Engineer: 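First, the structure itself, so that you have it in front of you.
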Amino acid sequence: MTMRHQIGRRTFLGGGAACVAAPLLAGMPGAAAAAPSFHRLRLGDLVLTAIHDGVWHRPIDASFVRNVPFAAVRQAMAEASMPGDNLPTPFTALLMESGGRRVLIDTGTGGQIAPTANALADNLAAAAIDARTIDLVLISHFHPDHINGLKTKDNARVFPNAEIRLPAAEWAFWMDDANLRAAPQAMRLYFLNARRVLADLAADIVQFTEGEVAHGVTAIAAHGHTPGHTVFAIASGRESLLVLGDTSNHPALFVRHPDWQPVIDMDGPRAAATRRRLLDRAASDRMLVHGYHFPFPACGSIVRDGMGFAFVPSST
Ligand SMILES: [Zn+2]
(Lines give C-alpha, C1' and ligand atoms only; values in the text may rest on other atoms or scores of the structure.)
Protein backbone atom coordinates (compact mmCIF):
# COMPACT_ATOMS: atom_id res chain seq x y z
CA MET A 1 0.00 0.00 0.00
CA THR A 2 2.71 2.39 1.02
CA MET A 3 4.73 1.44 -2.00
CA ARG A 4 1.81 1.94 -4.34
CA HIS A 5 1.15 5.31 -2.87
CA GLN A 6 4.75 6.37 -3.35
CA ILE A 7 4.75 5.08 -6.89
CA GLY A 8 1.61 6.96 -7.72
CA ARG A 9 2.76 10.12 -6.05
CA ARG A 10 6.00 10.11 -7.95
CA THR A 11 4.10 9.67 -11.18
CA PHE A 12 1.64 12.33 -10.22
CA LEU A 13 4.40 14.81 -9.63
CA GLY A 14 6.40 13.62 -12.58
CA GLY A 15 5.63 16.09 -15.34
CA GLY A 16 3.30 15.32 -18.22
CA ALA A 17 1.23 12.73 -16.43
CA ALA A 18 0.08 15.24 -13.84
CA CYS A 19 -1.64 17.38 -16.47
CA VAL A 20 -3.83 14.53 -17.56
CA ALA A 21 -4.35 12.90 -14.21
CA ALA A 22 -5.24 15.90 -12.13
CA PRO A 23 -8.76 16.61 -13.47
CA LEU A 24 -9.67 12.95 -13.33
CA LEU A 25 -8.62 12.56 -9.73
CA ALA A 26 -11.30 14.85 -8.45
CA GLY A 27 -14.01 12.34 -9.22
CA MET A 28 -12.25 9.31 -7.81
CA PRO A 29 -13.00 8.19 -4.28
CA GLY A 30 -10.58 6.49 -1.95
CA ALA A 31 -6.87 6.52 -1.34
CA ALA A 32 -6.01 4.01 -4.06
CA ALA A 33 -7.60 6.18 -6.70
CA ALA A 34 -5.32 9.02 -5.67
CA ALA A 35 -2.42 7.12 -7.16
CA PRO A 36 -3.01 6.62 -10.87
CA SER A 37 0.13 4.93 -12.09
CA PHE A 38 1.00 5.75 -15.61
CA HIS A 39 4.13 7.39 -16.92
CA ARG A 40 4.54 9.22 -20.21
CA LEU A 41 7.76 9.71 -22.12
CA ARG A 42 8.63 10.86 -25.59
CA LEU A 43 10.76 8.80 -27.93
CA GLY A 44 11.47 10.83 -31.05
CA ASP A 45 8.03 11.51 -32.54
CA LEU A 46 6.34 8.87 -30.43
CA VAL A 47 4.53 9.14 -27.14
CA LEU A 48 4.99 6.12 -24.91
CA THR A 49 2.94 5.51 -21.79
CA ALA A 50 3.84 2.91 -19.19
CA ILE A 51 0.59 1.60 -17.71
CA HIS A 52 0.90 -0.04 -14.29
CA ASP A 53 -1.29 -3.02 -13.43
CA GLY A 54 -0.10 -3.63 -9.87
CA VAL A 55 2.38 -5.74 -7.97
CA TRP A 56 2.37 -9.39 -6.96
CA HIS A 57 4.33 -10.13 -3.81
CA ARG A 58 5.67 -13.47 -4.96
CA PRO A 59 6.68 -15.84 -2.15
CA ILE A 60 10.08 -17.28 -3.01
CA ASP A 61 12.31 -19.90 -1.47
CA ALA A 62 15.54 -21.71 -2.26
CA SER A 63 14.02 -23.16 -5.43
CA PHE A 64 13.48 -19.76 -7.06
CA VAL A 65 16.96 -19.42 -8.56
CA ARG A 66 18.37 -22.70 -9.80
CA ASN A 67 22.08 -22.02 -9.84
CA VAL A 68 22.91 -19.92 -6.78
CA PRO A 69 22.42 -20.45 -3.03
CA PHE A 70 19.32 -18.81 -1.59
CA ALA A 71 21.54 -16.76 0.71
CA ALA A 72 22.92 -14.96 -2.35
CA VAL A 73 19.41 -14.21 -3.58
CA ARG A 74 18.41 -12.87 -0.18
CA GLN A 75 21.54 -10.75 -0.01
CA ALA A 76 20.81 -9.21 -3.43
CA MET A 77 17.28 -8.48 -2.29
CA ALA A 78 18.50 -6.92 0.95
CA GLU A 79 20.96 -4.74 -0.99
CA ALA A 80 17.96 -3.46 -2.96
CA SER A 81 15.95 -2.80 0.21
CA MET A 82 13.74 -5.85 -0.32
CA PRO A 83 14.01 -7.88 2.87
CA GLY A 84 11.91 -10.99 3.44
CA ASP A 85 10.72 -13.94 1.42
CA ASN A 86 8.46 -12.08 -0.97
CA LEU A 87 9.81 -10.73 -4.21
CA PRO A 88 7.83 -7.71 -5.40
CA THR A 89 6.86 -8.49 -8.97
CA PRO A 90 5.33 -5.46 -10.69
CA PHE A 91 3.38 -5.66 -13.94
CA THR A 92 3.59 -2.70 -16.36
CA ALA A 93 2.40 -2.71 -19.96
CA LEU A 94 3.57 -0.18 -22.54
CA LEU A 95 1.39 1.87 -24.86
CA MET A 96 2.81 3.47 -28.00
CA GLU A 97 1.03 6.23 -29.89
CA SER A 98 2.20 7.07 -33.36
CA GLY A 99 0.44 8.61 -36.32
CA GLY A 100 -2.96 8.26 -34.70
CA ARG A 101 -2.48 4.56 -34.01
CA ARG A 102 -2.38 3.07 -30.55
CA VAL A 103 -0.28 -0.02 -29.94
CA LEU A 104 -0.31 -1.81 -26.59
CA ILE A 105 2.56 -4.16 -25.76
CA ASP A 106 1.41 -6.93 -23.40
CA THR A 107 -1.84 -6.59 -21.53
CA GLY A 108 -1.52 -6.95 -17.76
CA THR A 109 -2.98 -9.69 -15.63
CA GLY A 110 -6.67 -9.09 -16.17
CA GLY A 111 -6.98 -9.21 -12.39
CA GLN A 112 -6.45 -12.96 -12.61
CA ILE A 113 -3.01 -13.35 -11.01
CA ALA A 114 -2.97 -11.52 -7.68
CA PRO A 115 -5.50 -9.43 -5.75
CA THR A 116 -2.96 -6.60 -5.73
CA ALA A 117 -2.80 -6.43 -9.53
CA ASN A 118 -5.92 -5.37 -11.38
CA ALA A 119 -5.30 -1.71 -12.11
CA LEU A 120 -4.53 -1.64 -15.81
CA ALA A 121 -8.03 -0.65 -16.91
CA ASP A 122 -8.26 2.12 -14.30
CA ASN A 123 -4.82 3.42 -15.18
CA LEU A 124 -5.58 3.39 -18.90
CA ALA A 125 -8.66 5.46 -18.13
CA ALA A 126 -6.63 7.77 -15.90
CA ALA A 127 -4.25 8.27 -18.82
CA ALA A 128 -7.31 9.20 -20.95
CA ILE A 129 -6.98 6.08 -23.12
CA ASP A 130 -10.21 4.32 -24.07
CA ALA A 131 -9.58 0.56 -24.42
CA ARG A 132 -11.79 0.60 -27.53
CA THR A 133 -9.27 2.86 -29.27
CA ILE A 134 -6.39 0.40 -29.06
CA ASP A 135 -5.66 -0.59 -32.67
CA LEU A 136 -3.04 -3.24 -32.14
CA VAL A 137 -1.87 -5.45 -29.28
CA LEU A 138 1.61 -6.98 -29.45
CA ILE A 139 2.29 -9.98 -27.23
CA SER A 140 5.77 -10.94 -25.99
CA HIS A 141 4.87 -14.44 -24.85
CA PHE A 142 1.93 -16.47 -23.58
CA HIS A 143 2.45 -16.46 -19.80
CA PRO A 144 -0.81 -15.47 -18.10
CA ASP A 145 0.49 -12.20 -16.66
CA HIS A 146 1.07 -10.98 -20.23
CA ILE A 147 -1.99 -12.25 -22.10
CA ASN A 148 -4.78 -12.43 -19.53
CA GLY A 149 -5.50 -8.72 -19.83
CA LEU A 150 -6.92 -9.44 -23.30
CA LYS A 151 -10.03 -10.84 -21.61
CA THR A 152 -12.07 -10.30 -18.50
CA LYS A 153 -12.57 -13.19 -16.09
CA ASP A 154 -15.83 -13.80 -17.96
CA ASN A 155 -14.01 -14.11 -21.27
CA ALA A 156 -15.15 -10.77 -22.71
CA ARG A 157 -12.70 -8.91 -24.92
CA VAL A 158 -11.05 -5.91 -23.28
CA PHE A 159 -9.70 -4.40 -26.52
CA PRO A 160 -12.54 -5.20 -28.93
CA ASN A 161 -11.15 -3.30 -31.92
CA ALA A 162 -7.55 -4.44 -31.70
CA GLU A 163 -5.72 -6.75 -33.99
CA ILE A 164 -3.42 -9.04 -32.01
CA ARG A 165 0.06 -9.88 -33.23
CA LEU A 166 2.01 -12.55 -31.41
CA PRO A 167 5.07 -14.75 -31.86
CA ALA A 168 4.53 -17.73 -34.15
CA ALA A 169 6.91 -19.79 -32.00
CA GLU A 170 4.71 -19.19 -28.93
CA TRP A 171 1.58 -20.25 -30.79
CA ALA A 172 3.34 -23.35 -32.13
CA PHE A 173 4.47 -24.41 -28.66
CA TRP A 174 1.44 -23.67 -26.47
CA MET A 175 -1.23 -24.75 -28.96
CA ASP A 176 0.43 -28.09 -29.67
CA ASP A 177 -1.56 -30.97 -28.17
CA ALA A 178 1.48 -33.23 -27.83
CA ASN A 179 3.25 -30.54 -25.79
CA LEU A 180 0.16 -30.22 -23.60
CA ARG A 181 -0.02 -33.96 -23.00
CA ALA A 182 3.69 -34.11 -22.14
CA ALA A 183 3.56 -31.18 -19.72
CA PRO A 184 3.69 -31.59 -15.94
CA GLN A 185 0.43 -30.74 -14.18
CA ALA A 186 1.46 -27.23 -13.13
CA MET A 187 2.45 -26.41 -16.70
CA ARG A 188 -0.80 -27.76 -18.12
CA LEU A 189 -2.58 -24.78 -16.59
CA TYR A 190 -0.49 -22.46 -18.75
CA PHE A 191 -1.42 -24.36 -21.89
CA LEU A 192 -5.10 -24.36 -21.00
CA ASN A 193 -5.04 -20.69 -20.06
CA ALA A 194 -3.42 -19.72 -23.37
CA ARG A 195 -6.15 -21.61 -25.23
CA ARG A 196 -8.93 -20.04 -23.16
CA VAL A 197 -7.63 -16.54 -23.82
CA LEU A 198 -6.53 -16.84 -27.43
CA ALA A 199 -8.37 -19.62 -29.23
CA ASP A 200 -11.58 -17.73 -29.97
CA LEU A 201 -9.66 -14.59 -30.96
CA ALA A 202 -7.96 -16.42 -33.83
CA ALA A 203 -9.75 -14.36 -36.49
CA ASP A 204 -8.03 -11.22 -35.19
CA ILE A 205 -4.63 -12.79 -34.58
CA VAL A 206 -1.61 -12.45 -36.83
CA GLN A 207 1.50 -14.48 -36.07
CA PHE A 208 4.95 -13.06 -36.66
CA THR A 209 8.49 -14.35 -36.55
CA GLU A 210 10.95 -11.45 -36.60
CA GLY A 211 11.15 -8.06 -38.27
CA GLU A 212 8.80 -5.10 -38.41
CA VAL A 213 5.49 -5.80 -36.64
CA ALA A 214 4.22 -2.22 -36.46
CA HIS A 215 5.47 1.08 -37.80
CA GLY A 216 8.81 1.65 -36.07
CA VAL A 217 8.59 -1.57 -34.06
CA THR A 218 10.86 -4.54 -34.73
CA ALA A 219 10.35 -7.95 -33.16
CA ILE A 220 13.51 -9.71 -32.00
CA ALA A 221 13.52 -13.36 -30.96
CA ALA A 222 14.55 -13.65 -27.30
CA HIS A 223 13.88 -17.31 -26.67
CA GLY A 224 14.62 -19.02 -23.37
CA HIS A 225 12.14 -17.55 -20.91
CA THR A 226 9.60 -19.35 -23.09
CA PRO A 227 10.18 -21.09 -26.44
CA GLY A 228 8.97 -18.06 -28.41
CA HIS A 229 9.61 -15.15 -26.02
CA THR A 230 10.09 -11.99 -28.10
CA VAL A 231 11.29 -8.46 -27.39
CA PHE A 232 10.50 -5.32 -29.38
CA ALA A 233 12.80 -2.51 -30.46
CA ILE A 234 10.96 0.78 -30.92
CA ALA A 235 12.76 3.43 -32.95
CA SER A 236 11.92 7.01 -33.77
CA GLY A 237 14.48 9.45 -35.15
CA ARG A 238 17.74 8.78 -33.37
CA GLU A 239 16.11 7.36 -30.29
CA SER A 240 15.27 3.79 -29.51
CA LEU A 241 13.80 1.77 -26.70
CA LEU A 242 14.01 -1.96 -26.14
CA VAL A 243 10.85 -3.53 -24.71
CA LEU A 244 12.48 -6.34 -22.75
CA GLY A 245 9.35 -8.24 -21.73
CA ASP A 246 10.53 -11.01 -19.41
CA THR A 247 14.15 -10.98 -20.56
CA SER A 248 14.81 -10.22 -16.88
CA ASN A 249 12.46 -10.48 -13.93
CA HIS A 250 13.28 -8.11 -11.06
CA PRO A 251 16.38 -6.14 -12.13
CA ALA A 252 17.93 -6.19 -8.66
CA LEU A 253 18.36 -9.92 -9.17
CA PHE A 254 18.66 -10.66 -12.87
CA VAL A 255 19.97 -7.45 -14.44
CA ARG A 256 22.49 -7.27 -11.62
CA HIS A 257 23.25 -11.00 -12.05
CA PRO A 258 22.27 -11.94 -15.61
CA ASP A 259 23.65 -15.47 -15.29
CA TRP A 260 21.32 -16.37 -12.43
CA GLN A 261 18.66 -18.75 -13.67
CA PRO A 262 15.19 -18.40 -12.13
CA VAL A 263 12.80 -21.33 -12.36
CA ILE A 264 10.41 -19.12 -14.29
CA ASP A 265 12.76 -19.28 -17.28
CA MET A 266 11.76 -22.47 -19.06
CA ASP A 267 15.22 -22.93 -20.57
CA GLY A 268 17.56 -21.48 -17.96
CA PRO A 269 20.89 -21.44 -19.85
CA ARG A 270 19.30 -20.17 -23.05
CA ALA A 271 17.38 -17.44 -21.20
CA ALA A 272 20.57 -16.34 -19.41
CA ALA A 273 22.45 -16.09 -22.72
CA THR A 274 19.58 -14.10 -24.24
CA ARG A 275 19.48 -11.83 -21.18
CA ARG A 276 23.19 -11.05 -21.32
CA ARG A 277 23.06 -10.42 -25.08
CA LEU A 278 20.10 -8.02 -24.88
CA LEU A 279 21.33 -6.16 -21.79
CA ASP A 280 24.69 -5.77 -23.47
CA ARG A 281 23.00 -4.37 -26.57
CA ALA A 282 20.91 -1.92 -24.54
CA ALA A 283 24.00 -0.71 -22.68
CA SER A 284 26.23 -0.51 -25.77
CA ASP A 285 23.66 1.21 -27.99
CA ARG A 286 22.39 3.43 -25.16
CA MET A 287 18.86 2.31 -25.78
CA LEU A 288 16.18 3.09 -23.29
CA VAL A 289 14.51 -0.02 -21.94
CA HIS A 290 11.13 -1.06 -20.62
CA GLY A 291 10.97 -4.12 -18.38
CA TYR A 292 7.55 -5.63 -17.74
CA HIS A 293 8.55 -6.66 -14.20
CA PHE A 294 10.82 -3.70 -13.44
CA PRO A 295 9.81 -1.30 -10.65
CA PHE A 296 7.44 1.36 -11.92
CA PRO A 297 7.78 3.35 -14.16
CA ALA A 298 9.48 0.27 -15.64
CA CYS A 299 11.41 2.52 -18.05
CA GLY A 300 15.03 3.57 -17.82
CA SER A 301 18.41 2.56 -19.06
CA ILE A 302 20.95 -0.21 -18.60
CA VAL A 303 24.55 0.40 -17.57
CA ARG A 304 27.38 -2.04 -17.03
CA ASP A 305 28.09 -2.80 -13.37
CA GLY A 306 30.85 -5.21 -12.44
CA MET A 307 30.14 -8.64 -13.90
CA GLY A 308 26.56 -7.66 -14.61
CA PHE A 309 24.47 -4.61 -15.29
CA ALA A 310 22.29 -2.14 -13.43
CA PHE A 311 18.91 -0.69 -14.26
CA VAL A 312 18.74 3.09 -13.92
CA PRO A 313 15.08 4.09 -13.68
CA SER A 314 13.84 6.93 -15.80
CA SER A 315 13.46 10.08 -13.72
CA THR A 316 11.55 12.14 -16.29
ZN1 LIG B 1 5.92 -12.07 -16.85
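Side-chain atoms are counted along with the backbone in the values below, which use heavy atoms only and exclude waters and symmetry mates. Note that ligands are numbered from 1 as they come in the structure, with each ligand's atoms numbered from 1 the same way. Being a predicted model, the structure only gives us computed values, none of them experimental.
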Engineer: Below 2.8 Å, can you find an N, O or S atom of His293 next to the Zn ion (ligand 1)?
Structural biologist: yes
Engineer: Quick check: of its N, O or S atoms, which one does Asp246 have closest to the Zn ion (ligand 1)?
Structural biologist: OD2
Engineer: Please confirm if an N, O or S atom belonging to His146, backbone or side chain, lies less than 2.8 Å from the Zn ion (ligand 1).
Structural biologist: yes
Engineer: Are the charged groups of Asp85 and Arg74 less than 4.0 angstrom apart, N to O?
Structural biologist: yes
Engineer: May I ask you to decide whether Asp200 forms a salt bridge with Lys151, counting only side-chain N to carboxylate O separations under 4.0 Å?
Structural biologist: yes
Engineer: For Asp145, what is the atom name of its N, O or S atom nearest to the Zn ion (ligand 1)?
Structural biologist: OD2
Engineer: Judged by atom type as modelled, is there a donor-acceptor pair below 3.5 Å linking the side chain of Asn179 to the main-chain atoms of Trp174?
Structural biologist: no
Engineer: So does Asp265 pair up with Arg270, basic N to acidic O under 4.0 Å?
Structural biologist: no
